[in-house]
Amino acid sequence: NVLARVRAGVWRKRNPPPPVAAGRVPTFHEYASAWLQAKIDGVLGDRPIGPNTEADYRSRLANHLLPFFGEYKLGEIDADLCLAFKAHKLKEAAELRRVIEAGAVLRDRRGRRVRPPGPAMIRKVIACLATILDEAVDDGHLERNPARSRRMRIKVAKPARTFLEMDELVALTDAAGEQDARFA
């Protein structure tokens with residue numbers, strides 16, 4: 001079966017995270033890795049997550065959450081630490097914006113231009129943190145989720161939506177009808 005999967009181009013080496021010993025409080029890194037694997041396998045949620053969602057979660061973990069929370073034991077993560085994370089992300093984004101506005105061209109390890117995370121991205125990262133810590137509460141590692149508070153909210157501006165007025169819609173459909181009539 002493994003060879004058939006290799007020939008089909010869908011095989012991946014799976015290194016499941018080691019199980020956490022009973023009574024031991026895992027680090028955020030250990031717990032988040034087990035959480036992601038459970039999401040991939042469909043153990044958490046109503047179905048397994050897709051490859052794009054998996055890549056998105058991996059990126060949020062690797063680039064944002066694990067560098068900050070990775071070595072902390074789950075019991076050490078409190079509201080103050082979560083607020084410090086939010087402040088760190090906001091400061092990091094503002095600093096990147098200043099550097100880029102000054103004319104620096106920053107590149108990541110793949111050679112792509114670095115862009116500062118916007119409020120929507122920071123909000124998504126905090127939502128991912130809150131989701132992981134929700135599971136930690138359910139598993140008895142935390143009494144409550146410190147990432148779920150009003151202080152952790154980030155306001156994201158709504159994008160300007162464009163829409164057609166009724167007379168514009170009528171004009172558009174009439175023009176499309178005239179164009180189609182020429183080819184009929």
Side-chain angles (χ1 to χ4, degrees), residues 8-10 12 32 35-69 79 81-138 144-184:
V10 297
R12 296 190 286 173
W35 170 84
L36 180 59
Q37 190 60 51
K39 294 291 281 181
I40 292 167
D41 295 339
V43 174
L44 293 176
D46 56 351
R47 65 183 180 279
I49 59 174
N52 290 340
T53 304
E54 177 185 347
D56 187 38
Y57 282 149
R58 283 191 192 283
S59 173
R60 291 180 197 182
L61 285 168
N63 297 324
H64 303 283
L65 295 171
L66 292 181
F68 191 89
F69 291 105
L81 187 61
C82 289
L83 283 173
F85 172 71
K86 177 184 171 184
H88 168 73
K89 283 289 146 189
L90 291 171
K91 182 179 177 184
E92 179 182 64
E95 186 177 308
L96 272 173
R97 262 188 237 94
R98 273 194 306 277
V99 168
I100 291 169
E101 286 171 1
V105 178
L106 303 176
R107 303 262 176 205
D108 66 7
R109 62 184 176 272
R110 294 182 185 167
R112 297 179 301 187
R113 279 190 167 212
V114 171
R115 294 186 347 217
M121 183 61 196
I122 296 171
R123 179 192 238 174
K124 289 174 186 177
V125 171
I126 290 172
C128 185
L129 171 65
T131 301
I132 293 169
L133 295 181
D134 280 342
E135 293 299 327
V137 169
D138 289 348
R144 65 175 200 81
N145 188 342
R148 295 240 184 247
S149 74
R150 286 179 301 165
R151 292 179 177 180
M152 292 299 292
R153 292 183 189 155
I154 293 185
K155 185 167 178 83
V156 177
K158 289 187 178 179
R161 301 283 184 206
T162 57
F163 58 92
L164 296 175
E165 295 292 339
M166 189 55 74
D167 60 329
E168 295 171 320
L169 180 61
V170 169
L172 181 64
T173 56
D174 289 346
E178 289 172 11
Q179 190 176 21
D180 286 346
R182 280 189 267 154
F183 295 108

Asker: One pair to check against salt bridge (charged side-chain N to carboxylate O under 4.0 Å, His left out): Glu95 and Lys91. What are the steps and the verdict?
Answerer: CA-CA 6 Å; Glu95 186 177 308; Lys91 182 179 177 184; 5.7 Å; no
Asker: Check ring-ring contact (aromatic ring centres under 6.0 Å, His included) between Tyr57 and all other residues, then give those that pass, not counting sequence neighbours.
Answerer: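 Counting only residues at least two positions away or on another chain, Tyr57 forms a ring-ring contact (aromatic ring centres under 6.0 Å, His included) with Trp35.
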Asker: For Ile40 and Arg58: C-alpha separation, side-chain torsions, deciding distance, then whether side-chain contact (heavy atoms from CB on, under 4.5 Å) applies.
Answerer: CA-CA 11 Å; Ile40 292 167; Arg58 283 191 192 283; 3.6 Å; yes
Asker: I'd like to know if Glu101 and Arg98 make a salt bridge, using a cut-off of under 4.0 Å between side-chain N and carboxylate O.
Answerer: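 No, no charged N to carboxylate O under 4.0 Å.
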Asker: One pair to check against side-chain contact (heavy atoms from CB on, under 4.5 Å): Leu36 and Ile49. What are the steps and the verdict?
Answerer: CA-CA 9 Å; Leu36 180 59; Ile49 59 174; 4.2 Å; yes
Asker: When rounded to the nearest 0.5 angstrom, what distance separates CD in Glu92 from CD1 in Ile122?
Answerer: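 Glu92 atom CD to Ile122 atom CD1 measures 8.0 Å (nearest 0.5 Å).
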Asker: Once ring-ring contact (aromatic ring centres under 6.0 Å, His included) is applied, what residue pairs with a partner in residues 83-119 remain, sequence neighbours excluded?
Answerer: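 Found Phe68-Phe85, Phe68-His88, Phe69-Phe85.
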Asker: Please report the interatomic distance CG(Leu65) to CD1(Ile132), rounded to the nearest 0.5 Å.
Answerer: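 One gets 6.0 Å once the value is rounded to the nearest 0.5 Å.
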Asker: Take Glu135 and Leu44 through the side-chain contact (heavy atoms from CB on, under 4.5 Å) test and state the conclusion after the steps.
Answerer: CA-CA 9 Å; Glu135 293 299 327; Leu44 293 176; 3.5 Å; yes
Asker: Anything under 3.5 Å between a donor and an acceptor, one on a side chain of residues 144-152, the other on a protein residue two or more places apart or in another chain? List them.
Answerer:
unit_1	atom_1	unit_2	atom_2	d
Asn145	OD1	Ala147	N	2.9
Asn145	ND2	Ala130	O	2.8
Asn145	ND2	Asp134	OD1	2.6
Arg148	NE	Asp134	OD1	3.3
Arg148	NE	Asp134	OD2	3.1
Arg148	NH2	Asp134	OD2	2.6
Ser149	OG	Arg151	N	3.4

Asker: I need the minimum non-hydrogen distance between Met121 and His64, along with the two atoms involved.
Answerer: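 What the structure gives for the nearest pair is CE-NE2, 3.9 Å.
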Asker: Let me confirm one number: the CD-CG distance from Glu54 to Asp56, rounded to the nearest 0.5 Å.
Answerer: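 The distance works out to 11.0 Å.
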Asker: To the closest 0.5 Å, what do you measure between OG1 (Thr131) and NZ (Lys39)?
Answerer: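 Output value for this atom pair is 7.5 Å.
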Asker: Which residue pairs pass the ring-ring contact (aromatic ring centres under 6.0 Å, His included) test with at least one member in residues 94-115, sequence neighbours excluded?
Answerer: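 For residues 94-115, and leaving out neighbouring residues, there are no ring-ring contact (aromatic ring centres under 6.0 Å, His included) pairs at all.
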Asker: Taking C-beta and beyond as the side chain, do Asn63 and Pro67 meet within less than 4.5 Å on heavy atoms?
Answerer: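 No; the side chains remain at least 4.5 Å from each other.
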Asker: Show me the donor-acceptor pairs within less than 3.5 Å that the side chains of residues 103-120 make with the rest of the protein, sequence neighbours left out.
Answerer:
unit_1	atom_1	unit_2	atom_2	d
Arg107	NH1	Gly111	O	3.2
Asp108	OD1	Arg110	N	3.0
Asp108	OD1	Gly111	N	3.0
Asp108	OD1	Arg112	N	2.8
Asp108	OD2	Arg112	NE	3.3
Asp108	OD2	Arg112	NH2	3.3

Asker: Please table the atom pairs, donor to acceptor, closer than 3.5 Å between any side-chain atom in residues 168-184 and protein atoms at least two apart or in another chain.
Answerer:
unit_1	atom_1	unit_2	atom_2	d
Glu168	OE1	Glu165	N	2.7
Thr173	OG1	Leu169	O	3.2
Thr173	OG1	Val170	O	2.9

